[in-house]
Every structure is written in structure tokens, then in C-alpha cells.
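Down below is the structure, laid out as C-alpha cells.
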Amino acid sequence: MKTLVVYLMSGPKTPELAAAAVAGGADVIELGFPFSDPLADGPVIRRAAERALGQGMRTRACLDCVARSRELLPETPLVPMTYAALLEAYGWDRFARDAQSAGATSLIVADLPVDVRPELRRVQLVAPTSTDERLRIAAEHTDGWLYLVALTGTTGARADASPALAGLAGRARAVTDVPLYVGFGISTPEQAQAAAELTDGIVVGSRPVEVAEEGAEALRRYVRTLRDAVDSVVAV
Amino acid sequence: MTSTPGLYGTYGGRYVPETLIPALDELEAGWRAAQTDKSFRAELDELGRNFGGRPTPLTRAERFAPGKRLYLKREDLLHTGAHKLNNALGQAVLARRLGKSRIVAETGAGQHGVATATVCARFGLECVVYMGEEDMRRQRPNVERMNLLGAEVRPVDFGTRTLKEATSEAIRDWITNVETTHYLIGSCVGPAPYPEIVHELQAVIGREARAQFLQAETRLPEVVVACVGGGSNAIGIFAGFIDDAEVRLVGVEAAEAASLGTGNPAVLHGARSSVLSDEDGQISDAHSISAGLDYPGVGPEHAWLRDSGRADYVSATDEEALDAFLELTRLEGIIPALEPAHALARARELDAELVLVCLSGRGDKDLAEVLAR
């Protein structure tokens, strides 16, 4: 069974949206903590972050969002995804501690490469540009699974599947046995299926953030199409 | 000046997506190789002299500062009209050594964009410059110059529509095109090794100014003053005097963009520094009449120089800078850019006789903004 990870931006309605995504078949929920200057994000998540900050979704409110999502979803892994600036301001250890108390399962920091604060338990990201040595170090330090960034670029839907993914997935598989989940540029069921064939799971972000604007039921239906697509992949 | 490579005390570092780390490693290796290669230094010296117009003169401003011996280091006379060319030339030569054919840059006042477009024209490199819409409006002549030089200026129409967002977009472009592209950052900010590279490439200002001041006065200045946005002209002129403990170093920020005066430790554009930011680490908006100083961050080395006490940082308001702009123009026949006008505003009132000011750029680009007041 392939794993389906769905990213949502923290907001007042996010716990209910997360529950809808899980009802549609999501296995893991990433909860974006918005940052004013998100370098790894394309326009959709950047604008979602601007809106969330406008709604007062500061660090404390985002932690509350994790806690409320945890109440609705006692079993689902919940993973905050954010930027180093928030941890720097909140306090690195305190952030990790408070996130865990709120019900977070792990953590993703988009601009914190493995060499910086390696002691902070988090899901490590690797990219097509990562050397084999960096893939190995990231896999050694990662918390549960390795996040494969499918392409050189920012988050956001792309028309075509990334040609770089097969090479990256093969190189990562050669150095580690941890689960490999791939994200960036995946939005359609076809892309989800193609990516799932090369890895242990997929991450979708920008498209669910857009669909969530149409409400929980629209999000559940969209996630269901992804679930069906990844379930059609025969396990190897 | 660094204890650990890439770190200035607790400032600096590399807070960027993994995608960029191998490119930063490659840049660092290329930079180290270039530094030990005599032909790199010789090529830069030759370009600085015969293309840029170095050395730039040192001019005494007797009418502007009566009773003092105040000298201007004339980076406004460098080709393209500002100190930015020193860095752009050096990084373009470095990019060619790294085999990169495409350059991206950010620009605020447009001086770095013009310098980058200029070196790209000179070397036949593709050039894309990100610029906030607000800055495109207030620095129109520089947008036109970049277009003439063959660069593509991409407007940034979200957020503050100024240098902060332009820098973020340039970094996003670099993440996307990292295999072919060198990011030619314009100030001593960004992830390591950029602050060090920009420091070294701008240090020519301080080297020349120290020798020229000694020749003019047979002693060193009591104080060296420069404006600080990201801080590259300041770090360049400070570099010449940093080991002269008796020489005071003073940086002048725009009053509502005083990253060092009122900022907090925070992470912006790949480095930890002193940044205008709130208690949650969200970056605040800066404001300045001068597009080049209108930036909420500052180079990490400046944050460290502040904490260590080696340099002092003060500020000047828009009005004080405008007054200094007009007075230098009328009393000395030199139209300064609004950025160094901030340094001029504070330089006259310092309790010192021997003063050196970095006149980092010329003011043609600012005429519309000044005349509209």
C-alpha cells in the first residue's frame, strides 16, 4: 500500500479540512505554518501563507490548529511544515516540544538542510541536485521517511511528470531502506500514479490548498481520486 | 573575520532548501580556487581599471563640511554609477569559471541590476533581473538602462513590491534553474559563501581609500562612514580599516529600515542576521525614500560587527537624507544617490575632524523622486 500525504495550510477551518482529506483517503497530513517569505514555495502556497497570516495564523495559533486536528484525527500522523524563521523566533527546542505536545508526529523545515541543527528530529528533504553522500546523510538523520523533492523548483502544480524523479528515487533507494515519499509538482491522479510507481508514497500540496477553498466535500472528493490512483499501483 | 566558515559569531549560515546546497558547495569551491589563482585577481584588476575606471578618486568636501577634513570616496564615478559594479564584475568572472551561462539577480534601487546587466552584456551572458513594482516606478531610468543593456526585468507584484520580494523571487528562480544559472546577489547578504564573496569583491573600496587618505593627510581618518541597506558598500570600505583599531566605523541606516538599530535575530534570505521582524519571526516591512536601503535585513557580518562593538550603527530619516542630497549637490557640485545621502547626513555632525565617507553612487536615478518632493 502506497502512502498518500496531503498538505494543508493552517487556518481556522483546517482541522475539519484535514478530517475530510483523511476521509478521502489521506494517510498523513502536513500542516503548513505560514512564513512571510517562503523561498521553497510557488505562488499557490505563498498566497495561502499570506492569507493565513492575515487571519492571524501565527505560531501559537498554528500549534492550536495541530491540537484541534489531533482531536478530530486521533490516529493520523500530523506533520507541521514550516521555515527556520519560525523556530528561530519561538525557540528551537521549545517549538519541537510544543509541537509534539499539540499532537504533531514529526516536523518538516523547508529551509533547514541536514547539516544545520542535525539534532532536531525532522523529516529530511532531498532533491535531484543532492549528491549521493548527502542522500545518505539525510536518510540517516531523517525521522520516519525521506521527502524526495521531485524537481529543481518550488512547490506548485506542473503540466508534466518530473523527468528527474526516476533517477533520484533510484539513487535514494540505493543508499537507504527508509520509506521514500515524493512531492513537488504532483497534482493530478495520473501524476500521482506515475510517482507512486517509483516510490513508497506521494505528497500533494498546492492543489489541495486550492481545492480546500471550495470546501471540505470538494477536498474529500479530490483526495479520493488520488487515493484510487495510488491504490491502482501494484506493490512491487 | 569568521570563526567558523560561513558564520559571523552566531550570524550567517545557510538556511536554504536542499536543492541549493550542492550549488552553494560548488560556488564555495569555485571561489576558493579563484582566490588562490593569480590569473583571477589579475583579470579582475584589469577589468576594474580598464572597464570600471578604478581607482576611483578621493575628493575633499570642504564647503559641505566646513571645519572638518571630510573626504568622499567616489564610487559614484565608477562605471554604471555605483559601487555595485565591483561585485558584479567579480561574480560574473566567477560564474564563467563555473560554466554558468545564465545570471539572475535582484535589484532595489536598480544600481545592482544595471551593474549586472552591464557585465552580462560585456560577457555575453543571459540576464534576468527581478525588481519590485514599487521600485520600478521610483527608479524608472534604471529599468530603462537594464532593458537597453539586453536584460529582462521581471516585475514582482506581490508583498511589499520592493527589494525583499525581488530577492525571494530571484532565489526561487535560482532554485528552479540551478543547473545553468548563477545567482548574482547584490549585497553582503544571503547564504554562505555570498556574504564573504561580496565582502572580498567590495574590499577594493577600502584598500584604495586607505592608501588615498594616507597620501592626502599622512594619517588615517578618525571615522569612516557609509550607508547600510544590505551593507555592501559599508563592508567594502570598512574592510580597509577593520584592523586599524583607532578608526571608528559608522554605518548609517534609513530610520524606518534600521535592521541593526531596531531588528531582532531572525532568518531571512538564507542567513541568520538582525532583521526587522516580529516575535513570531515574520518579516516586517521596511520603509525608506531610498529604494536601496528599503530592506528589512542586513548582511550577517554587520550584525556581528555591531555586537562586537567594532562598528556603530545609527540612522537618518528621509528628510535628513534629502537635505544632505541637496546640500552636497549645491555646495560641492556632486549629486549623490539617496542611499549615501544618509551617510552624508550623519557624517557632518560626528565629533571628529578627519572623516571618510563612502559616496557609494550617483543620484541621477533619484531625480524624479527628489523633484516630486
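Protein chains get the first letters and strands the later ones, always in sequence-line order, with residue 1 at the start of each. For the numbers below, each heavy atom of this structure counts, side chains included, while hydrogens, waters and symmetry mates do not.
Within residues 93-105 of chain B, no residue has any heavy atom closer than 4.5 Å to a heavy atom of chain A. Residues from residues 78-110 of chain A that place a non-hydrogen atom less than 4.5 Å from a non-hydrogen atom of chain B comprise A:A84, A:A85, A:L86, A:E88, A:A89, A:W92, A:A110, given in numerical order.
Side chains of A:R58 and B:E279 form no contact here, defined as non-hydrogen atoms less than 4.5 Å apart. Residues A:L39 and B:Y15 form no side-chain contact, since every pair of their non-hydrogen atoms from C-beta on lies 4.5 Å or further apart.
Contact tally against chain B (heavy-atom pairs below 4.5 Å) for A:L53, A:V114, A:L151: the top residue is A:L53. Counting heavy-atom pairs closer than 4.5 Å to chain B, the top-ranked of the candidates A:Q124, A:R60, A:R46 is A:R46. In terms of heavy-atom pairs under 4.5 angstrom with chain A, the leader among B:H269, B:E169, B:E165, B:K164 is B:K164.
Across B:V267 and A:F35, no two heavy atoms sit closer than the pair O-CZ, 3.8 Å. Closest heavy-atom contact between B:E18 and A:A127: CG-N, 3.9 Å. Taking all atoms of both residues into account, the shortest heavy-atom contact from A:D37 to B:R172 is C-NH2, 4.3 Å. Closest of all the heavy-atom pairs between A:R134 and B:P22 is CD-CG, 4.5 Å. Between B:V16 and A:P113, the shortest heavy-atom distance links the atoms O-CD, 3.3 Å.
Between the OG atom in A:S36 and the CG atom in B:D278 there is a gap of 8.0 Å [rounded to 0.5 Å]. The line from CD1 of B:I21 to CG of A:D115 is 6.0 Å long, rounded to the nearest 0.5 Å. Remark: A:T131 OG1 to B:E26 CD distance equals 12.5 Å, nearest 0.5 Å. How far OG1 of B:T19 is from CG of A:D111: 12.0 Å, rounded to the nearest 0.5 Å. Here the CZ atom belonging to B:R14 is positioned 13.5 Å from the CG atom belonging to A:L112, to the nearest 0.5 angstrom.
Residues passing the side-chain contact (heavy atoms from CB on, under 4.5 Å) test with A:A195, sequence neighbours excluded: A:L165, A:V182, A:I186, A:I202. A search for side-chain contact (heavy atoms from CB on, under 4.5 Å) contacts involving A:E210 returns A:V44, A:R207, not counting sequence neighbours.
Heavy atoms of B:I171 lying under 4.5 Å from chain A belong exclusively to its side chain. In this structure, chain B has no heavy atom under 4.5 Å from any part of A:R47. Neither the backbone nor the side chain of A:P43 comes within contact range of chain B; no heavy atom of the residue lies under 4.5 Å from a heavy atom of that chain.
Between the side chain of A:E50 and the main chain of B:F158, no donor-acceptor pair closer than 3.5 Å is present.
Side-chain contact annotation: B:E179 with A:T152, donor-acceptor N/O pair under 3.5 Å absent.
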